[in-house]
Amino acid sequence: MKRKIIAFVMLVVMAVSMLSGCGSAAKEEKKAESTVNESSAKTSNGEEVKKDDPITIKFWNGFTGPDGDQLVELVNRFNSENKYGITVDMDITASLDEELSSAFAAGEGPTLLLSSSAYRFTYGQYMQNISDIFDKTNLNKDDFIQSYIDYCSEDGNLYLVPFQIVSFYLYWNKDLFSAAGLDPEKGPATWDEYLEFAKKISDPSKNVYGSGLCYGYNYQMAHVIQRFGGLAVTKDGGSWKANLEGNSGYADFVNTYKKLVDDGDNPLTDDTDSMMTAGQLGMTINGPWLTGGMDTAGINYGITTIPTGAAGSMNSCEVLGFSITTAASDAEKLAAYRFIEWWNTTDANGNCAALEWSLTNGYPAYLKSLMDTDAYKGNAKVMSMTNTDTSAPSDFIVDASFPGINGIINDVLPQFIQPVLFDNADAAASLANVQKIADDITAQYN
Amino acid sequence: MDSKTTRKDNMFIRICRYFRSAEGSAYYFILPSILLLLIFNVIPLFVSSSMSFFDANMTLDKVNYVGIDNFVKAFSDSRFLNSLKVTFIFTAIEVPVQVFGAMIIAALIAKNNITNKFFRAIYFLPVICSATSIGIMWKMILHSNVGFLTYALSSMGLGRINFFNNTHLTIFVVTFISIWRSFGISAIVYVTAIQNVNASLYEAAKMDGAGNLRQFINVTVPSIRPTFWYILMTRLAGSLQIFDIVFMTTGGGPNYTTESTVSYVYSRAFSSEASMGYASTMSMILFVIIMTVTVLLYRRMNAEER
């Protein structure tokens, strides 16, 4: 009998351990912890502060790449430097969505979340309004580029504080430019120049194409098409309106793209990254992550902002930011504010986490004061990615507060572009067709 | 104490006694498997089938009952219907090649000699590779511009074949990769079945003057019929659920010509929208199709055995 009981207990333990293992196997976790035990201290500005009770806040994000190591380092620095007794307990996970959805469903979650601002469309009801951060900290709202603050706001309420600006840029191969008799130091400033350069660079005998537009890369398509025809969804009289049918800019884009393919100046492919890193593309449009592959492959390249089209000056981007969840208490919220303040404040030695992050990882700054620093100005890579027109709108393909952006990017644009490209469908008819799909999407939010 | 209570007590004692017996204690050992099966198969199946009648988002905090609306929507959704068509085309090519092709190859490598063992290992190698690495490998080999095979064919004067971006060709390329990936498992199962065929049957056939082909048709094939049905059923169910290879190679393109039903379900649930209800509905439709086909085949198999 005793043996059977022991066997039964062991089986239960085995079953429980198997189940618990399922949840942790795929999880990549990096922890950053330290504790400060001083009773009073000074801020970076030298101001004497009364130390709060020690507090630990949970900070979740999905930075599992090499940039995650830098994030760990910076969080550790905050934990050891801050004089408030705050410990940021960071969890970097590859399955942020799964963890968030189960935590929120159970009434739990982190204090601080680092994510795309689009997360507010999925987890909006779990994000706190943090508009008072500028009152409760020394952060200067005017120092932030207004369009990024707008991107993270809804109905005048701020839900995220910008952390990283992710946009797409035009990359050109300087060696192919030289071979085609073009100035290798100057990328195209207009779409007319883009087409002209593409024609000159293309060389079928060497399998070289001047242009690297890619129908399978929905985000690239979205960044480019926006330059031709503006936003796909805007607010009209208080309701969302899709602007597909009759959009001559969008029709112009797809016809231009098709002509580039038909003329042999652009490959018909769903993967242009490999070709760019193989030195077979004169120009392409992509995010900053492309530079890693090109650096490794030894490509001599230049970077510039995507040429402005008929839709005028714009700064299409996604803004990643810090948000505070409803799981946070008031004390935890204040602690998170202080972490965000520290991240965006330049200390007496000229160190600023936001600046370090921007320069190390190659993302343009969102603080005007950082753009004026010598370190920023001296970094050619981030300077070439910086849109100096800080008044340009930052919406990406749809109005920044439209929750159905994924449907527009992943459903509407491919179903508009690919029939024209592959089946020679008429651009106007294809636009009329996808207008119905876009109307269905907007109807969900009207 | 009335007689009802006594009967209940007796029942309880009998159950306890059964679970203490050698036969009953076996259930303790399969308890972990039963728990896992319940948690990861049975409960999700019931939840999914229930969810198909709701409009639900990913966090399940907005759940509205919509009746059969999701089913009506699915059968008027051109992308869903297209995905069914793609899935059926894929299945119609993959299953016969797997079932009959693997049988022929298995017959050729059934004898236990070093050469055959080497080929069995070669055929089985892709089975143990992940779909991710297989997808990346074939993308590199067949890339329209920088692919090894594309370049080799071009060098031979055969032109530059755009394997992954041709609305007529790409479905066959994806099917080929899928067959290449899982062909080994079918072949090895057949080899095992062929090796278990009674040798005296072959000897009798030889004495009757049957050649290798006649032996294969008249002895091997009838003897391995249960294996044939098993492979037919499993490959059919597997092909109708094709996802990973599509996801890794084409993402459903070009122009949705390789978008399978499961790929489309995935996009509704995770990529574009978080429509868990609608995604569950389409999953249920696919489930019913697979179950119907499997039950029909199972009945046919049982009828033959009788």
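So you know, we letter chains A, B, ... as the sequences are listed, proteins then strands, and number each from 1.
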Which value, rounded to the nearest 0.5 Å, describes the distance between A:Y209 atom OH and B:N145 atom CG?
4.5 Å
Output for pair (B:R268 CZ, A:N410 CG), nearest 0.5 Å, gives 8.5 Å
Contacts of residues 129-142 of chain B with chain A (heavy atom under 4.5 Å):
B:K139
Contact listing (chain A partner; residues 166-173 of chain B; heavy atom under 4.5 Å)
B:T167
Under 3.5 Å side-chain donor-acceptor pair for A:N207 and B:Y151
no
Under 4.5 Å heavy-atom distance to chain B, tell me which part of [X] shows up: side chain, backbone, both or neither.
X	result
A:D271	both
A:Q415	both
A:Y215	side chain

Can you tell me if [atom1] on [X] sees more than 12 non-hydrogen neighbours from other groups inside 6.0 Å?
X	atom1	result
B:I68	CD1	no
B:Y27	OH	no
A:Y445	OH	yes

Show me, pair by pair, the donor-acceptor contacts under 3.5 angstrom made by side chains of residues 242-249 of chain B, not counting sequence neighbours?
{"unit_1": "B:D244", "atom_1": "OD1", "unit_2": "B:R181", "atom_2": "NH1", "d": "3.3"}
{"unit_1": "B:D244", "atom_1": "OD2", "unit_2": "B:R181", "atom_2": "NH1", "d": "2.8"}
{"unit_1": "B:D244", "atom_1": "OD2", "unit_2": "B:R181", "atom_2": "NH2", "d": "3.3"}
{"unit_1": "B:T249", "atom_1": "OG1", "unit_2": "B:I245", "atom_2": "O", "d": "2.6"}

For the residue pair B:P254 and A:Q418, what are the closest heavy atoms and their distance?
C-OE1, 3.7 Å
Could you have a look at B:T250, B:N162, B:V146, B:N255 and say which one has the most heavy-atom pairs with chain A under 4.5 angstrom?
B:N255
Who passes side-chain hydrogen bond (donor to acceptor under 3.5 Å, both in side chains) against B:S280, sequence neighbours left out?
none
